[in-house]
Q: 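Mind having a look at this structure? Questions to follow.
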Amino acid sequence: MSYKHLKIEKKWQKNWQDSNLYLSQKDKKKEKYYILDMFPYPSGDGLHVGHPKGYIASDIISRLKMMQGYSVLHPMGFDAFGLPAENYAIKNKVNPKTSTEKNIKVYKKQLEILGFSYDWSREIRTTDPDYYKWTQWIFLQMYKKGLAYQSNEPINWCPDCKTGLANEDLEDGRCERCNSLVEKKSIRQWVLKITDYAERLLKDLDKLNQWEEAILEMQRNWIGRSHGVVINFKIKEDSESVDVFTTRLDTIYGCSYLVLSPEHPLIEKLSAKIDNWSETEEYIKSCQQKSDLERTKNNNEKTGVKLTGLSAINPFSKEEIPIFIADYVLSSYGTGAVMAVPAHDERDFQFAQKYNLAIKYVVRPDEKNYDDSLVYTGEGYLKDSGKYSKLHSKEAREKMLAFLKQKKLGKEKVNYKLNDWVFSRQRYWGEPIPIIHCKSCGVVPVPEKDLPVKLPIVKNYQPTGTGQSPLEKIDSWVNVSCPKCQKPAKRETNTMPQWAGSCWYYLRYMDSKNDKELVSKEKEKYWSPVDFYIGGAEHATRHLIYARFWHKFLYDIGVVSELEPFKKFRSVGLIMGEDGRKMSKRWGNVVNPDDMVKKYGADSLRVYAMFMGPFEQVNTWNSRSLNGAYKFLEKIFNIYTNYNNKKEKLDIKVQKQLHKTIKKIENDIVDLKFNTAVSSLMILTNLLNDYLKKHDCWPINKDERKAFLQILAPFAPHISEELWQGLGQKKSIFRSTWPKYKKELLSDQEVEIGVQVNGKLRARILVNSTDKEKDVWEKINQNETLKKWLEGKEVVKKIYVPQKIFNIVVK
RNA sequence: GCCGCGGUGGCGGAAUUGGUAGACGCGUUGGACUUAAAAUCCAAUGAUAUUUUUUAUCGUGGGAGUUCGAUUCUCCCCCGCGGCACCA
């Protein structure tokens, strides 16, 4: 008999589906385990061989937990709204609904042939009205709590996608989807007040001790908390004043000028008093023309204009200082104005050098020798700072703040880099925002009973580029009567961004068919939180922040019971093409999983993907290595079929290896060390194979032969099930109980240890686990090679690490 | 520039409360089988030197240090990847 992977895999996939093996059931007697993948975005290209890597890992964990007696929830669905799906549809001249459905079909098929244990009865699609009804419902709750508001602030605008974008949608100042340079544009938009949750989003990261540190760091940086002081600077020539934000109040005696961002509202107000107004105006204009990218690109090349005729008063030194406008100060952060301290800030230093401004050193480092001609950004002791001189930075800040508070010229302030979430898109393919605009009542939320606000099926859904959504043109949909006053009113035509649906989908799986609630309290309590979440690291500062934000909001309004949605998160490393580049049609290096499954089988593909290297690391695809995985499985297949009826002659060495492997597999899977888990299965297989060939009988008993298949089963489910049945088992291997290893079989009686002389390995000797240092020393003295190294030498010291090494120091 | 991760044979990688570096796999080489090839099986495979079995020296990005002993710890430097980036 030979290993016919195609036949075996097809047979068991059907069998498992028919026998409802994967239906997750709430079972109060069992402990629950919720293992989740980031659901895919079904693009037109289908899956390439790298995509399933994370799914394979979660499937392995899911199957292990199943066998360990957990009630497992392992669902899957599709995140199908958004720009890529819409752009794909426009390009191929079909309705996005049609193309999305088609793409999902392809994806499902591809996932099925890989043998994943998803409970498809819980499948969700973000584009399904029964689903987005609740996405809209959450939006309404946010609106009611004042967390969704309209704004006309300038936002990022992609000229190609013709829509506004959130900061999270940008990559290096470009649209993350189409790579176009993003512009600033002022249009009416809906914004979610994520900044209200900034503090909690940051603080609760400390609770996520089962997340990777790298991801937590990314989120911390993205939130970007900084604690400082807002100081009020009076303007000498006017009653107006300027607020600046600084974290280094201790350097204020070194402040030699103020800088306002070009967008600062005060400039307009003071225009009459600015002597060089035309020059100022021109500079502001030139800044407006620059994109964000241009503004930040040459960050060593500072530009600015002095506002002549105006000066500010330093509240501490009472000194008169000039005021500048310069685009190195951002309007979107802090107060949009800073106090410049060239001696202790790199940017101010560059600016001051260019415009010949005073550089006053007021903080000196602890060391005696320091160079007074360079910038010093660290802390230290103050000098030339009035009565604060000689104080340390930290102490000075406290005393100075007390002074400011007393004079009502300043207060503590915490700032975040995180901005509110620009939540509307001027596009068709998204959840309609459930709002009605009425001339007399203003903004009126759609009553909950009228949800979902269905996205109309239309012929023309091309983006308009006018800042209006294409929905604007569909009169029959737009024109409604106001829910409050019944007079004619219009629907909000902007749609939600791609990320909306994925903010809460993990909750819906718990109770996917519920038409009364988003999720029932009871089911939410049982399944929450997600125990293990696996997905791409690129979502660290997008989906993973958004979802945490929504979850916390849902917690606040009593919908969920946990503060954090995902208990453990691990990111999956990409699989690169054989040429080392990202798999892409552009490079022609895409490997299709369907072809690989046909040739080598799903089991081989699964084993290989896990064996490639550390799960979180980037790996390069290699089809020849995949064949190695195939050979490994074939070897197992041959062992179990060719030697099925052979007698047993137990061998303790092989048995020990088996029990060690059971333990290793258990531990490695939970730690995501799949590569070493597979390796240990290979070692065991080789050992078994060699023994059977040599002795023509089994070194392990039947239970142990079963156990071997059980520990292989999460990795290669089909072949394991087939061979399991071959051992006469009637029930599925995944309904069997995970084998227990025997502790007494984990340690070896005899071990080889290294013997070193002066730290250099000179020989290896066998010792018994019961041997004392004295016994080992005796063996060393009998060893011929070692005699050579020890003869005529004086032994100064002996170091014995039991079972490991013996080091002899000689003179 | 800042933050995070990493650098080990021809290749993917294994081994870190400091204790025999290179597990496992790929590839390569030699052999068996075959008319031949593929597949399969057996053996070898870090480098250098040496007369073969031998044995010695070197070897985990580079340099220093701690230690009986360093891939692992400390300091300095170089390179790669990812994230952030004029955030005051």
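Chain identifiers are assigned alphabetically (A, B, ...) following the order of the sequence lines, protein sequences preceding nucleic acid strands; residue numbering begins at 1 within each chain.
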Q: Determine: side-chain N/O of A:Tyr608 to OP1/OP2 of B:G25, distance under 4.0 Å, yes or no.
A: no

Q: So does A:Lys631 pair up with A:Glu634, basic N to acidic O under 4.0 Å?
A: no

Q: Has A:Lys302 got its NZ or CZ under 6.0 Å from the middle of the six-membered ring of A:Phe351, at an angle within 45 degrees of the ring axis?
A: no

Q: Does a side-chain N or O of A:Lys417 approach OP1 or OP2 of B:A85 to a distance below 4.0 Å, or not?
A: no

Q: Just call it for A:Val329: base, sugar-phosphate, or nothing, with non-hydrogen atoms closer than 4.0 Å on any strand.
A: base

Q: What's the CG-C1' distance between A:Leu216 and B:G82, to the nearest Å?
A: 15 Å

Q: Roughly, in whole Å, what's the span from CD1 in A:Ile215 to P in B:G4?
A: 15 Å

Q: Considering only heavy atoms, which members of residues 672-683 of chain A lie under 4.0 Å from some atom of RNA chain B?
A: A:Asn675, A:Thr676, A:Ser679, A:Met682, A:Ile683

Q: Evaluate A:Asn807 against A:Lys798 for side chain to side chain donor-acceptor pair (under 3.5 Å), listing each step before the verdict.
A: CA-CA 6 Å; A:Asn807 191 12; A:Lys798 288 182 277 188; over 6 Å; no

Q: Under the salt bridge (charged side-chain N to carboxylate O under 4.0 Å, His left out) rule, what pairs show up with a residue in residues 802-811 of chain A, not counting sequence neighbours?
A: none

Q: For the side chain of A:Asn807, starting at C-beta, report the closest nucleotide among B:C84, B:C68, B:A88.
A: B:C68

Q: What nucleic acid atoms does A:Gln756 come within less than 4.0 Å of, heavy atoms only: base, sugar-phosphate, or nothing?
A: base

Q: Under the 3.5 Å rule, do the base of B:C86 and the side chain of A:Lys302 count as making a donor-acceptor pair?
A: yes

Q: How long is the line joining CZ of A:Arg174 and P of B:A85, in whole Å?
A: 15 Å

Q: Once you round it to whole Å, what is the distance between C1' of B:U17 and NZ of A:Lys804?
A: 11 Å

Q: Using whole Å, what does the distance between atom C1' of nucleotide B:G25 and atom NZ of A:Lys635 come to?
A: 10 Å

Q: Any side-chain N or O of A:Ser625 less than 4.0 Å from the OP1 or OP2 oxygen of B:G27?
A: no

Q: On a whole-Å scale, what distance lies between the C1' atoms belonging to B:U16 and B:G82?
A: 24 Å

Q: Step by step, work out the side chain to side chain donor-acceptor pair (under 3.5 Å) result for A:Ser571 and A:Glu212.
A: CA-CA 8 Å; A:Ser571 63; A:Glu212 283 159 74; 3.0 Å; yes

Q: Would you list the protein and nucleotides 55-60 of chain B atom pairs, both N or O, that sit under 3.5 Å from each other?
A:
from, atom 1, to, atom 2, distance (Å)
B:U57, OP2, A:Arg762, NH1, 3.1
B:C58, OP2, A:Lys760, NZ, 2.8

Q: Whole Å only: how far is the CG atom of A:Leu418 from the P atom of B:C84?
A: 13 Å

Q: Could you spell out the base pairing of RNA chain B as a dot-bracket line? Use Watson-Crick and G-U wobble contacts where both distances are under 3.5 Å, [ ] for crossing pairs, | for partners on a different strand.
A: (((((((..(((......[....)))((((((.......))))))((((.....))))..(((((..]....))))))))))))....

Q: Looking at the side chain of A:Met218, which of B:G27, B:G19, B:G83 is the nearest nucleotide?
A: B:G83

Q: For B:A14 and B:G7, measure between their C1' atoms and round to the nearest Å.
A: 16 Å

Q: Rounding to an integer number of angstrom, what distance separates B:A21 and B:G31 when you compare their P atoms?
A: 34 Å

Q: Is a side-chain donor-acceptor pair under 3.5 Å present for A:Tyr333 with A:Ser226?
A: yes

Q: Keeping to residues at least two apart or across chains, list the salt bridge (charged side-chain N to carboxylate O under 4.0 Å, His left out) pairs with something in residues 664-680 of chain A.
A: A:Lys664-A:Asp668

Q: Where the side chain of A:Asn622 is defined as all heavy atoms beyond and including C-beta, which of B:G25, B:C26, B:A88 is the nearest nucleotide?
A: B:C26

Q: Syn or anti for B:G9, taking syn as within 90° of 0?
A: syn

Q: Looking for any heavy atom pair under 4.0 Å, which part of the strands does A:Lys413 touch: base, sugar-phosphate only, or nothing?
A: nothing

Q: Rounding to an integer number of Å, can you tell me how far A:Glu217 CD sits from B:C3 P?
A: 10 Å

Q: To the nearest angstrom, how far is A:Gln617 atom CD from B:G13 atom C1'?
A: 8 Å

Q: Side chain of A:Trp222: nearest nucleotide among B:C24, B:C68, B:A85?
A: B:A85

Q: Under the side chain to side chain donor-acceptor pair (under 3.5 Å) rule, collect the residues that match up with A:Asn232, sequence neighbours excluded.
A: A:Lys234, A:Ser241, A:Asp243

Q: Does the plane of the ring in A:His344 sit parallel, tilted or perpendicular to the ring in A:Tyr376? Use 30° and 60° as the thresholds.
A: perpendicular

Q: Is A:Gly224 touching bases, backbone alone, or none of the nucleic acid, heavy atoms closer than 4.0 Å?
A: nothing

